[in-house]
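All values derive from a computational prediction rather than experimental measurement. Here, residue 1 is the first one in the sequence, and each next residue gets the next number. We count ligands from 1, going down the list as the structure has it; atoms in each ligand are counted the same way.
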Amino acid sequence: MGRISITDLKRLKGSGERIACLTAYDATFARLCDRAGVEVLLVGDSLGMVIQGGDTTLEVRLADMIYHTRSVQRGSERAIIVTDMPFMSYATPPAALGNAARLLGEGGAQVVKLEGGAWLAECVRLLCERGIPVCGHLGLTPQSIHRLGGYRVQGRAPEAAEALRRDAEALCRAGAQMLVLECIPRGLAAEITASVDIPVIGIGAGRDCDGQVLVLHDMLGVTGRSPRFSKDFLAPAGSVPGALAAYVREVKSGSFPGPEHGFD
Ligand code: KIV
């Protein structure tokens with residue numbers, strides 16, 4: 001059948017079918033997610049926290065991302081694989097190009113994800129011109145945690161909301177083909193999702209994005225401190241395959257996220 005492509009995700013956006021996305025870091029969980037119908041496997045640099053035990057994502061290296069992407073690629077057959085470019089690996093356009101090429105060539109990623117707004121336009125344009133699909137990431141961007149001063153909702157003040165709208169537009173104009181919105185008010189996320197023609201995946205951004213993503217360990221309730229926008233799918237389901245199937249079902253039906261998982 002072949003893997004899901006960016007074009008397939010755009011088609012899902014067009015048809016109004018919600019996109020189910022989860023993070024994955026190894027072959028076994030990638031296989032289970034794939035079989036449950038998860039369409040996007042995000043090899044997130046959240047692995048710095050949930051796999052490596054760090055306090056932030058800042059210590060994750062390119063070699064780590066290549067290693068985990070390769071594992072996820074081996075374990076899955078259908079889902080599209082999006083991989084995070086780690087901290088400082090895209091600080092300049094030439095660095096971004098060389099490092100993204102390794103994530104695709106050595107890791108088997110299909111899309112690379114970069115955290116940041118309009119300042120990234122040149123990088124995004126260069127990657128797209130060279131045939132590397134890019135997913136932007138706006139809102140709460142964990143690689144900027146020391147500048148943001150904490151894991152907080154972003155875009156609440158009118159000027160901050162306007163800056164996010166402009167960032168989304170700039171990334172799209174530069175050629176980004178997907179967007180992740182993290183921890184922003186649901187109304188703003190809905191507005192941005194409706195204003196762009198690329199698939200928008202939300203996390204803590206309300207139910208009106210084109211799809212949802214959660215950190216796998218959070219939705220399995222195994223971290224001991226899941227964020228408010230997440231939900232433990234494992235406890236009620238009683239098994240990992242059951243939890244993954246419930247997640248896909250609830251994302252598709254629009255019952256997850258509920259109002260209690262979002263922000264105003
Ligand atoms: O690193 C990650 O897992 C992510 C998601 C939380 C969106 O970027």
Side-chain angles (χ1 to χ4, degrees), residues 9 19-26 29-30 33 38-62 64-69 71-72 79-90 100 103 107 109 111-117 120 134-145 148 150-155 164 168 171 176 178-184 189 192-193 198-206 209-220 222-223 225-231 233 247 251 256-257 261-263:
L9 297 183
I19 300 165
C21 172
L22 280 174
T23 66
Y25 316 103
D26 66 37
F29 278 102
C33 290
V38 172
E39 283 122 351
V40 183
L41 292 177
L42 170 63
V43 188
D45 62 356
S46 49
L47 69 83
M49 299 161 95
V50 297
I51 302 290
Q52 298 174 336
D55 290 331
T56 69
T57 58
L58 305 187
E59 287 176 32
V60 177
R61 298 286 169 257
L62 189 73
D64 302 327
M65 297 310 298
I66 293 172
Y67 171 90
H68 287 281
T69 303
S71 306
V72 166
I80 185 170
I81 300 175
V82 180
T83 293
D84 267 337
M85 296 201 68
F87 182 56
M88 285 299 146
S89 67
Y90 50 97
L103 289 168
V111 181
V112 293
K113 177 162 82 60
L114 281 64
E115 295 182 8
L120 274 177
V134 172
C135 175
H137 182 158
L138 293 172
L140 174 53
T141 46
Q143 290 176 15
S144 305
I145 191 62
L148 296 175
Y151 296 98
R152 301 198 186 95
V153 180
Q154 303 294 309
L164 283 175
L171 292 176
M178 263 178 97
L179 193 57
V180 166
L181 296 177
E182 179 164 354
C183 277
I184 67 171
I192 292 175
T193 302
I198 60 173
V200 177
I201 310 294
I203 174 165
C209 298
D210 300 311
Q212 298 293 326
V213 60
L214 285 178
V215 170
L216 179 69
H217 294 57
D218 287 339
M219 62 79 73
L220 293 177
V222 295
T223 56
R225 46 167 189 160
S226 289
R228 193 191 109 186
F229 54 74
S230 190
K231 171 176 163 180
F233 285 86
Y247 174 74
V251 168
F256 178 80
H261 303 116
F263 304 98

Side-chain polar contacts of residues 54-61 - donor-acceptor pairs under 3.5 angstrom, sequence neighbours left out - could you list them?
residue: Thr56; atom: OG1; partner: Leu58; partner atom: N; Å: 3.1
residue: Arg61; atom: NH1; partner: Glu59; partner atom: O; Å: 3.3

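Residues satisfying the ring pair (Phe, Tyr, Trp, His ring centres under 6.0 Å) test with Tyr247, not counting sequence neighbours, are Phe233. Applying the side-chain hydrogen bond (donor to acceptor under 3.5 Å, both in side chains) test to His137 and every residue at least two apart in sequence or in another chain returns Lys113, Glu182.
Screening Val134, Val200, Asp210 for a side chain to side chain contact (heavy atoms under 4.5 Å, CB included) with Leu179, the sole residue that qualifies is Val200.
Between Leu22 and Cys33 the shortest heavy-atom distance is CD1-SG, 4.1 Å.
For the 3.5 Å distance criterion, the side chains of Gln143 and Asp84 fail to qualify, holding no donor opposite an acceptor.
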Ligand 1 polar-atom proximity to protein (N/O, under 3.5 Å):
residue: ligand 1; atom: 1 (O); partner: Asp45; partner atom: N; Å: 3.2
residue: ligand 1; atom: 1 (O); partner: Asp45; partner atom: OD1; Å: 3.1
residue: ligand 1; atom: 1 (O); partner: Ser46; partner atom: N; Å: 3.0
residue: ligand 1; atom: 1 (O); partner: Ser46; partner atom: OG; Å: 3.3
residue: ligand 1; atom: 1 (O); partner: Asp84; partner atom: OD2; Å: 3.0
residue: ligand 1; atom: 3 (O); partner: Ser46; partner atom: OG; Å: 2.5
residue: ligand 1; atom: 8 (O); partner: Lys113; partner atom: NZ; Å: 2.8

